[in-house]
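Here is the structure we will look at.
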Amino acid sequence: MGKGGEKGGESGEAEAQTRSYTWEEIQKHNLRTDKWLVIERKVYNVTQWADRHPGGHRVISHCAGEDATDAFQAFHINPTLVQKFLKPLLIGELAPGEPSQDRDKNSQLVEDFRTLRKTAEDMDLFRANPLFFSLYFGHIIAMEVLAWLMVSYFGTGWITTLILACILTTSQTQAGWLQHDFGHLSVFKKSSWNHIVHKFIIGHLKGASANWWNHRHFQHHAKPNIFKKDPDVNMLHIFVLGDTQPVEYGKKKLKYLPYNHQHEYFFLIFPPLLIPVYFQIQIISTMIRRRFWADLAWAISYYMRYFITYIPFYGVLGSLSLLTFVRFLESHWFVWVTQMNHIPMEIDCEKHRDWLSSQVAATCNIEQSFFNDWFTGHLNFQIEHHLFPTMPRHNFWKVKPLVKSLCAKYGVQYEEKPLGKAFVDIIGSLKKSGDLWLDAYLHK
């Protein structure tokens, strides 16, 4: 088998096409300084390109040494445009005798999933409804205006301020769900339009960074609930998750915190502090360290607008206190909604599953209702969202029966539960993991 082409396609596409590689060889190139991946049987050296990847270098690195066809299709709404960037990186293709999927993945399941995706495309399920997103944006702006009108007409009494804080919390949370839509390129046909509106919503309406969100969130989507790849399960030794990590910590006698009580201190640490403390520090430090100056300018515009609006009523300290309280409330809403789909599911090291199996193992759905759709930003359809991240959320319910049918065909567990049970399962899962840690810590 050919071993050339490691300079990223410098010898030309025609010559690269003649080179063939086995999966055994491709899988060796999964290092920080040496990354190959396969898309539709073509082999690409993305070592140099990774740092210039718009979605961040980590998300592309997580797929190194693997077939990345389904991930590539899931994240890009204009594959033809992206192919222009891929051409110079082409170094060859899979050898004729090699299967299209690596590591003995079920090729029929993979093909059936790709057929399902094509069916969804033919059903126009990747086409957004402009009215839906216009009304959604309108109801966020209406809440921002209502909050200002309330304090203007009714003053700054405790009851008014409490209602005001609830309105601002709702608008901030809903703006969070809306920026998520644009961040996933699920609204406009052109990526550039999605990026522009994404920067406006996450920057000017929320004071956060689009690049920070992209680089973090796309890793989560590429490798959900996989340690060392999904930043959302990096708990900084504060919690232990799943079935294997607690046992590993216990065996090594690691006790940064009393993990057998993590289902109790969760209430004091995770929901109250994630957005007001951890995310704020991470967002500001990332914008400065990575020189995301445009994002910083958008974030500054948010703070200027907020303080110009509320300092005349509450003063500097009062406005800052109100903002902190709103972020505190929003953080609770955000944590319970985002964690209910993932923490109770399988959390483990990389198992190199196919796209469908890996996404469904790490996600679950919440029963559909008008309230659940609105309250969760349609993240109650978490399975469909993870399988098709660029699909507009108002179409998830249409593709859901097809996904359930495919899962049933191959014995892939498709889990759906009521909203209340989903919340309870977060605590139950943390308790189970904490008990596993204590048992290993004491007896292994």
Side-chain angles (χ1 to χ4, degrees), residues 56 58-59 165 168-169 172-177 179-180 183 198 201-203 205-221 223-242 245 249 254 256-259 261-292 295-296 298-300 302-303 306 320-344 347 362 376-377 379 423 426-427 429-430 433-434:
R58 286 194 176 93
V59 67
L168 287 178
T169 298
Q172 282 293 292
T173 304
Q174 293 299 329
W177 305 149
Q179 68 81 22
H180 180 258
H198 184 222
I201 293 175
I202 197 172
L205 293 187
K206 290 193 62 62
S209 163
N211 281 311
W212 165 82
W213 184 88
N214 288 342
H215 293 187
R216 180 186 174 95
H217 193 65
F218 293 158
Q219 290 182 73
H220 162 69
H221 268 269
K223 298 290 181 178
N225 282 15
I226 293 175
F227 291 122
K228 298 182 180 177
K229 292 189 176 182
D230 180 0
D232 288 2
V233 294
N234 176 14
M235 292 294 174
L236 306 174
H237 306 303
I238 296 171
F239 300 98
V240 288
L241 303 177
Q245 188 187 53
Y249 271 51
L254 297 176
Y256 297 95
L257 285 166
Y259 298 121
H261 294 290
Q262 65 177 6
H263 61 291
E264 295 164 341
Y265 66 69
F266 166 85
F267 294 95
L268 302 174
I269 295 176
F270 207 164
L273 301 181
L274 183 68
I275 289 179
V277 179
Y278 180 62
F279 274 3
Q280 287 307 303
I281 293 169
Q282 199 177 63
I283 289 167
I284 293 167
S285 64
T286 300
M287 287 192 293
I288 294 169
R289 192 177 69 254
R290 300 289 298 277
R291 300 180 181 180
F292 296 148
D295 286 4
L296 185 61
W298 277 113
I300 290 170
Y302 161 80
Y303 287 105
Y306 172 82
L320 196 58
S321 300
L322 175 63
L323 178 60
T324 304
F325 183 56
V326 167
R327 290 245 163 97
F328 169 82
L329 294 176
E330 181 197 358
S331 190
H332 282 78
W333 190 335
F334 176 83
V335 166
W336 286 100
V337 168
T338 56
Q339 300 311 305
M340 68 183 180
N341 303 110
H342 294 300
I343 281 186
I347 305 174
T376 67
L379 294 181
F423 289 160
I426 297 175
I427 306 307
S429 177
L430 288 172
S433 298

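Partners of Lys223 according to the salt bridge (charged side-chain N to carboxylate O under 4.0 Å, His left out) rule, which considers only residues two or more places apart in sequence or in another chain, are Glu66, Glu350. By the ring-ring contact (aromatic ring centres under 6.0 Å, His included) test, His215 is found to be paired with Phe292, residues two or more places apart in sequence or in another chain being considered. Qualifying ring-ring contact (aromatic ring centres under 6.0 Å, His included) partners for Phe227, counting only residues two or more places apart in sequence or in other chains: none. Every residue two or more places apart in sequence or in another chain that forms a ring-ring contact (aromatic ring centres under 6.0 Å, His included) with His332 is listed here: Phe328. Listed by chain and residue number, Val277 satisfy the side-chain contact (heavy atoms from CB on, under 4.5 Å) test with Leu273 (two or more places apart in sequence, or in another chain). In terms of the side-chain contact (heavy atoms from CB on, under 4.5 Å) criterion, residue partners of Thr169 (sequence neighbours excluded) are, by chain and number, Thr173, Val326, Leu329, Glu330, Trp333. When the ring-ring contact (aromatic ring centres under 6.0 Å, His included) test is applied to Tyr256, the partners found at least two apart in sequence or on another chain are His237. Partners of Gln282 under the side-chain contact (heavy atoms from CB on, under 4.5 Å) rule, at least two apart in sequence or in another chain, are Trp212, Arg216, Tyr278, Phe279, Thr286. With sequence neighbours excluded, the residues forming a side-chain hydrogen bond (donor to acceptor under 3.5 Å, both in side chains) with Thr376 are Asn380, listed by chain and number. His263 pairs by the side-chain contact (heavy atoms from CB on, under 4.5 Å) definition with Ile427, Leu430, Lys431, not counting sequence neighbours.
Side chain of Tyr306 to backbone of Leu323: a donor-acceptor contact under 3.5 angstrom is found. Looking at Lys206, its side chain does come within 3.5 Å of a backbone N or O of Gln172 through a donor-acceptor pair.
Within the structure, side chain to side chain donor-acceptor pair (under 3.5 Å) contacts touching residues 264-273 (residues at least two apart or in different chains) are His261-Glu264. For residues 267-281, the set of pairs meeting the salt bridge (charged side-chain N to carboxylate O under 4.0 Å, His left out) definition, not counting sequence neighbours, is empty.
Note on ring orientation: taking the six-membered ring where Trp is involved, the planes of Trp336 and Phe267 are tilted (angle from 30° to 60°).
The distance from the CG atom of Asn234 to the CG atom of Leu241 is 9.5 Å, given to the nearest 0.5 Å.
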